[in-house]
Amino acid sequence: MATRDTPARPSASHTAYALTKELILSGRLPGGSLISEGEIAERASLSRTPVREAFLRLAGEDLLELHPKRGAVVVPVSPGEARDVLELRQALEQAAAERIAQQGLPDEDTARLRALIAVQHERAGDADVEGFAEADELFHRGVVDAAGNALSSKFYRTLTDRQRRMSVFALRLRPERLARLVDEHTALLELLLSGDSAGFATALRSHLGDTHRQT
């Protein structure tokens, strides 16, 4: 029994869920991969029952498609879903830039965004696509959060999983773009600091389009 000083241990089902979801979002289980309850149970040193519960939860999030007696297939990100995500990101980040242009970018947010760019520079040097994608998502979310619109921030967080997964997929196809993305993020931050929301919107559209272009 957990006490005030001893945090409760995650349930076996949550452990299986977190492990499987991380494998999917990091791209280590790409779209179309067939996985079994037994594989995850062995990885996590669990029985199959909590893994089955985790698979049901992930199917509810449209990350897995269940096939009785065969296992589960990782659901790929469809072109239509990717387009929808990019449209929403453009709208939310552009609105954030417009508000920031009116009220300025707080020093603590500026420092946080610069620190994330520094992390991206390090990840790019290591060719760490997974780590870069995580820092990339935090940077863009940080832009939205800096505007101070709680509703926008809350909605943007619902895109986190899709955004990270899409970035890993896109950057694995074109890892040479990592260093260029650092420069593009630096330029986006400078546009925010100068209050140029129109320039930010144009640069963001190019940035997203170039990153997620499949050809």
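Values below: every heavy atom of this structure, side chains too, minus hydrogens, waters and symmetry copies. Values in this document were obtained by computation on a predicted structure and should not be read as measured data.
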- Task: Determine whether the side chains of E137 and Y156 contain a donor N or O and an acceptor N or O closer than 3.5 Å.
- Result: no
- Any luck finding a side-chain donor-acceptor pair between Q163 and T160 under 3.5 Å? no
- Item | R43 atom CZ: more than 12 heavy-atom contacts under 6.0 Å | no
- Message: Check this for me: D126, atom CG, are more than 12 non-hydrogen atoms of other residues, nucleotides or ligands nearer than 6.0 Å?
- Response: yes
- Message: If you compare all heavy atoms of L113 against all heavy atoms of V143, which two are closest, and at what distance to 0.1 Å?
- Response: CD2-N, 4.1 Å
- Task: Work out which heavy atom in S47 is nearest to a heavy atom in V51; give both atom names and the distance.
- Result: O-CG2, 3.6 Å
Close side-chain approach of [X] to [Y], heavy-atom, < 4.5 Å:
{"X": "L181", "Y": "H207", "value": "yes"}
{"X": "V119", "Y": "F139", "value": "no"}
{"X": "D62", "Y": "V75", "value": "no"}
{"X": "Q94", "Y": "F200", "value": "no"}

Any carboxylate oxygen within less than 4.0 angstrom of a Lys/Arg side-chain nitrogen, looking at [X] and [Y]?
{"X": "D183", "Y": "R180", "answer": "no"}
{"X": "K154", "Y": "D145", "answer": "no"}
{"X": "E53", "Y": "R57", "answer": "no"}
{"X": "E130", "Y": "R123", "answer": "no"}
{"X": "K21", "Y": "D161", "answer": "yes"}
{"X": "R165", "Y": "E81", "answer": "no"}
{"X": "R205", "Y": "E93", "answer": "no"}
{"X": "E37", "Y": "R52", "answer": "yes"}

Rounded to the nearest 0.5 Å, how far does [atom2] of [Y] lie from [atom1] of [X]?
{"X": "F55", "Y": "R48", "atom1": "CZ", "atom2": "CZ", "result": "10.0 Å"}
{"X": "R177", "Y": "S167", "atom1": "CZ", "atom2": "OG", "result": "10.5 Å"}
{"X": "L64", "Y": "L56", "atom1": "CG", "atom2": "CG", "result": "9.5 Å"}
{"X": "R112", "Y": "L105", "atom1": "CZ", "atom2": "CG", "result": "9.5 Å"}
{"X": "L189", "Y": "S194", "atom1": "CG", "atom2": "OG", "result": "9.5 Å"}
{"X": "I40", "Y": "T20", "atom1": "CD1", "atom2": "OG1", "result": "4.0 Å"}

- Message: Please check this pair: side chain of T202 against backbone of A198, looking for a donor-acceptor N/O pair closer than 3.5 Å.
- Response: yes
- Message: Over 60° means perpendicular and under 30° means parallel, so tell me whether H185 and H140 are parallel, tilted or perpendicular.
- Response: perpendicular
